[in-house]
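Read the structure below first, then the notes.
These numbers come from the heavy atoms of this one structure, side chains and all, not from hydrogens, waters or symmetry mates.
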Amino acid sequence: MASTSDFRNGMVLDFKDGLYEIVEFLHVKPGKGGAFVRTKLKNIETGSVVENTFRAGEKVKEIRVERHKMEYLYKDGQTYYVMDPQTYEQIPLNEDLIGDAKDYLTENIELKVVKAKDEIIKIEMPTTVNLKVTQCEPGVRGNTVSNVTKTATLESGLEIQIPMFVNTGETVKVDTRTGEYCERVK
């Protein structure tokens with residue numbers, strides 16, 4: 001059991017009908033009445049965000065989570081395989097568990113697997129990944145100054161908007177949180 005004074009971002013709670021991760025919290029001490037903690041909680045399974053208020057000192061059940069670095073290997077049908085670089089153990093992951101991260105997976109990319117109660121509950125991608133542009137319109141000389149973009153298909157199958165000066169075969173850095181182009185990688 002943990003108290004509201006133990007709250008921190010990323011903490012996982014057994015709350016209502018599932019596991020929730022604390023996204024944001026704020027201790028509030030009004031002039032009148034008792035103190036309370038206002039929180040934003042993200043359901044780990046569904047991804048939905050709910051707001052909840054706890055009384056100061058209220059007890060909640062904290063779930064201990066472990067984060068393990070893994071290396072993505074390959075996809076076989078609906079199953080994705082990752083490997084523990086320490087033990088070389090291959091672990092199959094369900095497509096539902098991977099979710100939108102599948103748009104950024106390339107062979108040998110490092111990611112984190114989050115376990116609670118010896119069960120994998122989610123994966124965490126790095127903030128940015130480097131992906132090769134496999135198809136886009138050719139860049140035209142003179143279009144490098146304006147903020148004009150074009151659609152590009154990346155090696156993972158993801159389609160994003162990139163600047164006109166980026167060509168097929170070049171590598172770009174993509175933000176995994178927003179799915180947007182960051183920069184061209186040399």
Over 12 foreign heavy atoms within 6.0 Å of [atom1], [X]:
| X | atom1 | answer |
| --- | --- | --- |
| K75 | NZ | yes |
| K132 | NZ | no |
| D14 | CG | yes |
| K29 | NZ | yes |
| Q135 | CD | no |

| task | Assert yes or no for the condition that the ring centre distance of F54 to F7 is strictly below 6.0 Å. | result | yes
State whether [X] and [Y] are salt-bridged, where the test is any N-O pair (Lys NZ or Arg NE/NH1/NH2 against Asp/Glu carboxylate O) under 4.0 Å.
| X | Y | value |
| --- | --- | --- |
| E183 | K173 | yes |
| K117 | E66 | no |
| K122 | E21 | yes |
| E51 | R38 | no |

| query | Is any side-chain heavy atom of I109 less than 4.5 Å from a side-chain heavy atom of M125? | reply | yes
| said: Could you tell me if the side chain of V133 sits less than 4.5 Å from the side chain of V172, heavy atoms only? | reply: yes
What distance do [X] atom [atom1] and [Y] atom [atom2] have between them, rounded to the nearest 0.5 Å?
| X | Y | atom1 | atom2 | value |
| --- | --- | --- | --- | --- |
| M11 | L41 | CE | CG | 10.5 Å |
| Y81 | M70 | OH | CE | 14.5 Å |
| L19 | E119 | CG | CD | 8.5 Å |
| K69 | E110 | NZ | CD | 5.0 Å |

| request: Evaluate the side chain to side chain contact (heavy atoms under 4.5 Å, CB included) criterion for residues I91 and V113: first the C-alpha distance (whole Å), next the side-chain angles of each, then the deciding distance (0.1 Å), finally the verdict. | output: CA-CA 10 Å; I91 301 168; V113 172; over 6 Å; no
| field | Verdict with supporting geometry, E24 and T39, side-chain hydrogen bond (donor to acceptor under 3.5 Å, both in side chains) | value | CA-CA 6 Å; E24 217 174 88; T39 61; over 6 Å; no
